[in-house]
2 protein chains.
Amino acid sequence: MRIGELAARAGVSVRSLRYYEEQGLITSTRSAGGQRHYTDGDIERVAFIQRLYAAGLSSRTIAELLPCVESPSEQNSAEAFERLVRERDRISRHVEELVTARAALDRLIDANRAHHGRLAAAR
Amino acid sequence: MRIGELAARAGVSVRSLRYYEEQGLITSTRSAGGQRHYTDGDIERVAFIQRLYAAGLSSRTIAELLPCVESPSEQNSAEAFERLVRERDRISRHVEELVTARAALDRLIDANRAHHGRLAAAR
DNA sequence: CTAAGACCTGACACTGACGTTAGATGCAAG
DNA sequence: CTTGCATCTAACGTCAGTGTCAGGTCTTAG
């Protein structure tokens with residue numbers, strides 16, 4: 001499939017796909033005329049990348065741990081494996097931060113709830 | 001206290017404090033010469049703002065829900081209250097995203113662990 | 001073959017929370 | 001009073017992911 005179809009099926013913009021390739025996150029074969037061609041497997045790959053983006057990883061970080069995705073059995077991914085673990089831990093810490101912040105908002109909501117009966121009931 | 005002391009005690013940069021004021025998140029009194037003065041209460045206020053930033057809220061969003069912090073009893077904070085609830089829910093969704101991404105990383109880690117005995121043992 | 005639409009590269013624009021710099025002023029200690 | 005550090009305003013720099021535009025090429029339907 002060409003880039004427009006992949007963009008539609010993966011739910012990202014064409015621009016983003018070209019950027020991902022520029023950053024070494026995805027690859028493509030080229031037609032004689034120079035247009036990018038993709039396989040069905042690329043849909044899932046893009047989805048995976050999106051999840052990591054959503055988790056706050058930078059494109060550089062994602063690129064560094066992709067060897068672990070490609071070939072989990074290679075020993076050349078020792079650095080990548082460490083980064084994998086570090087990022088997992090970073091996500092865990094971030095979750096704790098979010099839970100803390102959410103608790104703060106919950107306290108605020110409670111403090112305000114009495115004055116907003118209808119909204120409070122809607123929850 | 002002056003801005004440098006607040007920055008040190010709150011653990012943020014002087015630049016950030018001036019930016020927060022510019023965005024309407026904090027206020028200050030001024031000396032005759034124009035320098036900003038703060039109270040002890042501002043330390044906690046800045047810490048609270050930091051928590052919201054860490055939770056992914058923008059300065060504009062924080063500014064919009066500050067009325068709820070200032071005066072939980074005023075009815076003029078109806079909009080702010082709604083935003084409060086929306087942001088709480090957004091944080092919850094974000095936590096779910098992070099947990100999903102972390103699970104994906106955990107699966108990758110498992111798939112790679114066999115080939116990295118020492119690192120696996122360190123966990 | 002031709003028109004239309006998808007695609008190409010390259011480049012600039014934007015957002016947001018700051019960092020950094022420049023040049024001027026405030027303020028406390030000797 | 002002076003020295004020197006803290007602070008002031010104003011403005012530009014940064015980073016990352018993406019939007020958008022320009023000007024040209026590929027592909028496919030008719």
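Just so you know, these numbers come straight off a predicted model, no measurement behind them. So that the names make sense, note that chain A is the first sequence line, chain B the second, and so on, each numbered from 1. Quick note: numbers below take in every heavy atom, side chains included, and nothing from hydrogens, waters or symmetry partners.
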>> If you compare all heavy atoms of Ala101(B) against all heavy atoms of Arg51(A), which two are closest, and at what distance to 0.1 Å?
In response: CB-O, 3.8 Å

> Which angle, to the nearest 10 degrees, lies between the helix axes at the two ends of the helix from dC1(C)-dG30(D) to dG30(C)-dC1(D), each defined by five pairs?
Replying inline: 0°

> Salt-bridged, Arg30(A) to Glu21(A), with N to O below 4.0 Å?
Replying inline: yes

> How close do Ile91(A) and Ala55(A) get, heavy atom to heavy atom, and via which atoms?
Replying inline: CD1-CB, 3.7 Å

>> Minimum heavy-atom separation for Arg36(A) and Ser28(A), please, with both atom names.
In response: CG-OG, 3.4 Å

> With the threshold set at 4.0 Å, does a side-chain nitrogen-carboxylate oxygen contact exist between Arg9(A) and Glu5(A)?
Replying inline: yes

>> With a 4.0 Å cut-off on N to O distance, would you call Arg113(B) and Asp110(B) a salt bridge?
In response: yes

> Atom CD1 of Ile49(A) to atom P of dT18(D): distance rounded to whole Å?
Replying inline: 11 Å

> How long is the line joining CD of Glu5(B) and C1' of dC27(C), in whole Å?
Replying inline: 15 Å

Could you pull out the protein-nucleic contacts involving nucleotides 13-20 of chain C (nitrogen or oxygen on both sides, under 3.5 Å)?
from: dA17(C); atom 1: OP1; to: Ser59(B); atom 2: N; distance (Å): 3.0
from: dA17(C); atom 1: OP2; to: Tyr19(B); atom 2: OH; distance (Å): 2.9
from: dA17(C); atom 1: OP2; to: Ser59(B); atom 2: OG; distance (Å): 2.8
from: dC18(C); atom 1: OP2; to: Tyr20(B); atom 2: OH; distance (Å): 3.0
from: dC18(C); atom 1: O5'; to: Ser16(B); atom 2: OG; distance (Å): 3.3
from: dC18(C); atom 1: N4; to: Arg15(B); atom 2: NH2; distance (Å): 3.3
from: dG19(C); atom 1: OP2; to: Ser13(B); atom 2: OG; distance (Å): 2.6
from: dG19(C); atom 1: N7; to: Arg15(B); atom 2: NE; distance (Å): 3.2
from: dG19(C); atom 1: O6; to: Arg15(B); atom 2: NH2; distance (Å): 3.1
from: dT20(C); atom 1: O4; to: Arg15(B); atom 2: NE; distance (Å): 3.2

> How close or far is atom P of dT9(C) from atom CG of Leu17(A), stated in whole angstroms?
Replying inline: 13 Å

>> Need to verify one output field. Residue with the more 5' nearest nucleotide on DNA chain D, Gln35(A) or Arg2(B)?
In response: Arg2(B)

> Does a side-chain N or O from Arg36(A) land closer than 4.0 Å to OP1 or OP2 of dC7(C), or not?
Replying inline: no

> Are OP1 or OP2 of dT27(D) and a side-chain N or O of Ser31(A) less than 4.0 angstrom apart?
Replying inline: yes

> When the distance from CD of Glu21(A) to P of dG10(C) is rounded to whole Å, what number comes out?
Replying inline: 12 Å

>> Using every non-hydrogen atom in the two residues, find where Ala63(B) and Gln23(B) come nearest and quote the distance to one decimal.
In response: CB-O, 3.9 Å

> Rounded to whole angstrom units, what separation is found between the CD atom of Glu22(B) and the P atom of dC8(D)?
Replying inline: 13 Å

> If you check the Ile3(B) side chain, which of dT9(C), dC7(C), dC8(D) turns out closest?
Replying inline: dC8(D)

>> Show, in sequence, the C-alpha distance, side-chain angles and deciding distance for Arg93(B) and Glu96(B), and conclude whether the salt bridge (Lys or Arg N to Asp or Glu O under 4.0 Å) test is met.
In response: CA-CA 5 Å; Arg93(B) 286 196 304 275; Glu96(B) 310 243 329; over 6 Å; no

> How about Phe48(B) and Tyr53(B): are their ring centres within less than 6.0 Å of each other?
Replying inline: no

> Arg18(A) near the nucleic acid: base, sugar-phosphate alone, or nothing, with a heavy-atom cut-off under 4.0 Å?
Replying inline: base

